[in-house]
Every structure is written in C-alpha cells, then in structure tokens.
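Notes for the one structure printed next.
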Amino acid sequence: MNKREFLRTVGGLGAGLVFGPELLAQYADVPPAQLAGDEPFWAAVRAKFRLNPDYVNLENGYYCFQPEEVLEQFVGHVRRVNFLGSRYMRTVKDEDKDRVRRRLATLAGCGPDELIITRNTTESLDTVIAGFQWSAGDEAVMAHQDYGAMLDQFRLMARRWGVVNRYVDIPRNPASDDEVVQLYANALTPKTRLLMIPHLVNITGHVLPVRAICDMAHARGVPVLVDGAHAFAQLDFRIPDLHCDYYGASLHKWLSAPLGAGILYVRRDRIAGLWAIYGDGHPDDSIDKLNHTGTHPSHTDLGIENAIAFHEAIGGARKEARLRYLQRYWSDQVRGRPKLILNTPDDLRRSCAIANVGIEGVTPARLAQVLFELHRIWTVAIDAAGVQGVRVTPQVYTTPAELDAFVKALRAIAAAPPAA
Ligand SMILES: Cc1ncc(COP(=O)(O)O)c(C=O)c1O
C-alpha cells in the first residue's frame, strides 16, 4: 500500500492503531524534524479530531478536547462504571487506577511510587505548597509570570503562616540560560524554603532551563517545585531528568485526556516531608497519602490510558517537533514586522507550541475580539505581568493554512487598527 492509500484508510482505525503497522513502518526512520513538515502525515492526525467548522481554534492551551476515538472510549468508560455501579468501585476500581498510574509513571519516566493522579495542576501544586511545614519568616520564591492559582496559594501561606513571598520577573528574551538561572539565584536567601518555577510560562510560551535552575537551587539547599501545566505531553522529556523535587501537570491540556485529570510527582525522598491535606491511613513515606480523593469520577482516570495511547501513537518527540514547527511557521512571519510585538523568546530552544503576539495601539481584549468576530479565529487575550497580546496555542490538528489565515488577519489589523 502506498502512502496516499494508507492515509485514506487510517481514519477507520482504532485510537491504539492510529498509525497502524504499515504507516509506522513507513515513517519509522523519518526524523521528527523532517516529519514536522509532512502535511499528509499530519492530515491523518487531524482527521482524528472533530473540529468546529465555524472558527479556527488557536486556543488549545486551556484544554484540548479529545480526538473522537478517545472520546468514544471515554464514553464507554462512563457507561461501564455506570452499569457496574458500586460493584465496579468495590472490585476493580483500585486495580484500574493503579494500572493507569503505572502507565503515566512510565510516560513520565519516574517510579509509580513517586506519582499520583490528581484532578489538575492546581490541585497538584497547591498540595505541595500547603503540605510544607511553614514557619513565620520562611521565604518562598516565584515569578510574577507564574499562574495565578499558585500565587494565590502562596499568598494564603503568607496570611496563615507568615511566609514571605519573593518575586522575580522572567525576561522576554534572555541572552543565555545563565541569565535565567542568575535571576532566580539572586532571589534566594538563607531563609528560602521553596522555589517555584514554571517549566513553560503559560502567557508567553517561554520554556525555562529547568534542570540548570534546579541544580543551582539544590547547591543552596532549596527544593524546587515545577509548574508543568503546559509542558507535559507538549515537550518530550522525563521528569527525573529535570532534577526537580516536585512536578505538577494537567493532562487535559497537551495530552488531550478527559477534563479533570492531572499528575503530581514527588521525588521519593521528599514524600515524607509533606503534610497531606486530607487525613489518610497511608504511611508518611507513601505518596498515596496525598491522594485521598474520596469517591470521584473514576471514568476520567480510565480515559487517561486511551489519551496516552493516542499520544504515543504519534510519538512525543514527533509531537514536540510538529508543535514547534507550527509555532515558528506563523511567528517567523511576524517577528520584526512593524507594529507587531512578539512576546515569546526568539531562541528556538526557548519555546514550543505556544507564542504570544500583540499589536501596537490595540488592547489585547480588542485584538482577541476582532480576531474572532471579523476573522473567525479563536485566541485568548493576555494583559498581565507585563505581557500584552493574544496567546496562540495550535495543536497537532492545526494546519499551516489556518496559521496563514491568522498571519493575514494580524497584518490586516495592524495596517488598519480598530477603534478602541
Ligand atoms: C502555568 C499554569 N499552571 C497551572 C494551571 C492550572 O491548570 P488547571 O486549571 O488544569 O489546574 C494553568 C492553567 O492554564 C497554567 O497555565
């Protein structure tokens, strides 16, 4: 079967077989960087999603819906749990959840005893922040560009325990990794108990040199909590390689898992030092003590397995390469153009799918509104922490033609800015 014939038939296969043996063999030796621009391959991926024909969706950062087959498998899990009722809960639920946890641990490259399934990044990171034994005067370091929910949780620790929060500002276009490492190093003091960093800044797409920052912090005795909300399943990496102590991520973003799925990684030797939020009978050194969810939507846990199968059928390295290719496809047409302001680092290594662009004299809210109402392109306005623009998050189903339409719209708006 030739490539074209195979791609025509691939739409009918199950998610686990998205790329059946023929296609796998055909593409096995194609390096990710080369496959990134292979439109027939990505058209086969796109065909797996049900897309809204009314607009172009360039806002997959909040969450990215499931491919159709993964969604159908999820609905099957809802039906099965509903059909079996408490018999499901009392017989196979724990076994199922543990199997999914192990699968996730393999994807994350850590031990299954270092990872739990949570509802999302907020729950994961806030569990760590609230789990510290804080004393008045202890310091925590974070960035103004971190996510609001975690900054709120640190403010709560300040009110409750007298923690002193210190903030840095992540530069838009650092000249080197060392510039970013030094930024954080300068904020640490002998009183610093915890450093929180984003793996990937959600409003700009900036990817931080996480490992170098962790090594620097550890040399000063400070553990590091990493916000991986946008990095997990967008970037191809293994958590232990980052040298961090704690890592939280959402699975409903770049893994396209059902809504309400996340992970928390705690390095083995850090588990005993955390308090659980909810009382639980597990020993202090078991990560399960942090996972006392009560009765919850078990079908969501099951759907994660199908989302992993879809992700792995594409391949993490291939997905990362395609996402970076798509981002650079449009941002290279915008960088340095009059009136257009890119809020994402120029250095290829410092970004992947996400980028942010503003237009001089146009507020982010107005820009997002005009993009949607006049050009049928859905983005999100960002007007915070020194960043003004719209965040653009393509996904594996996005086409270069859609991005051409976006660039054309940006140029038209820049040439004739709308009234406020
Ligand atoms: C950097 C970052 N951290 C945390 C979160 C929270 O994710 P969730 O709402 O899935 O908990 C988000 C959400 O977009 C985010 O962008």
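We count ligands from 1, going down the list as the structure has it; atoms in each ligand are counted the same way.
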How close does the nearest protein non-hydrogen atom get to atom 9 (O) of ligand 1, and which residue and atom is it?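 Going by distance alone, atom 9 (O) of ligand 1 is nearest to Thr122 OG1, 3.8 Å.
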Nearest-contact summary for atom 7 (O) of ligand 1 - protein heavy atom, Å: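 Among all protein heavy atoms, the one nearest atom 7 (O) of ligand 1 is Ser250 OG, 3.5 Å.
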Parallel, tilted or perpendicular: rings of Tyr397 and Phe65 (30°, 60°):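 Geometry flag for Tyr397 against Phe65: parallel rings.
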Exactly one of Leu188, Asp245, Leu194, Thr189 should register a side-chain contact (heavy atoms from CB on, under 4.5 Å) with Val222. Which one does?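 That would be Leu188.
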Per-residue contact class, Arg119 against ligand 1 - non-hydrogen pairs under 4.0 Å: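 No part of Arg119 is near ligand 1 at this cut-off.
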Just going by heavy-atom distances, which of Tyr147, Tyr62, Tyr63 is nearest to atom 15 (C) of ligand 1?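 Ranked by closest heavy atom to atom 15 (C) of ligand 1, first place is Tyr147.
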Option whose closest heavy atom lies nearest to atom 2 (C) of ligand 1, chosen from Asn120, Asp146, Asp227, Asp126: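 When every heavy atom of Asn120, Asp146, Asp227, Asp126 is considered, Asp227 comes closest to atom 2 (C) of ligand 1.
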In ligand 1, which numbered atoms sit nearer than 4.0 Å to a non-hydrogen atom of [X]?
X      : value
His252 : 10 (O)
Asn202 : 1 (C), 16 (O)
His230 : 14 (O), 15 (C), 16 (O)

Is the gap between the ring centers of Tyr27 and Phe41 under 6.0 Å?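 Yes: the rings meet the under 6.0 Å criterion.
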Glu123 to ligand 1, any heavy atom closer than 4.0 Å: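 Under 4.0 Å: no for Glu123.
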Taking both backbone and side-chain atoms of Lys253, is any N or O found less than 3.5 Å from an N or O belonging to ligand 1?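 Yes, Lys253 has an N/O under 3.5 Å of an N/O on ligand 1.
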Pairing donors with acceptors under 3.5 angstrom, does anything connect the side chains of Asp96 and Tyr88?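 Checked: Asp96/Tyr88 side chains pair up, N/O donor to acceptor below 3.5 Å.
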Evaluate ring pair (Phe, Tyr, Trp, His ring centres under 6.0 Å) for Tyr247 paired with Phe237, printing each intermediate quantity in order. CA-CA 13 Å; Tyr247 194 97; Phe237 68 99; 5.8 Å; yes
When you compare the side chain of His206 with that of Gln145, does any pair of heavy atoms fall below 4.5 Å?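 Sidechains of His206 and Gln145: no contact.
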Once you round to the nearest 0.5 Å, how far does CG of Leu107 lie from CD of Glu312?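 Interatomic distance, Leu107 CG to Glu312 CD, rounded to 0.5 Å: 5.5 Å.
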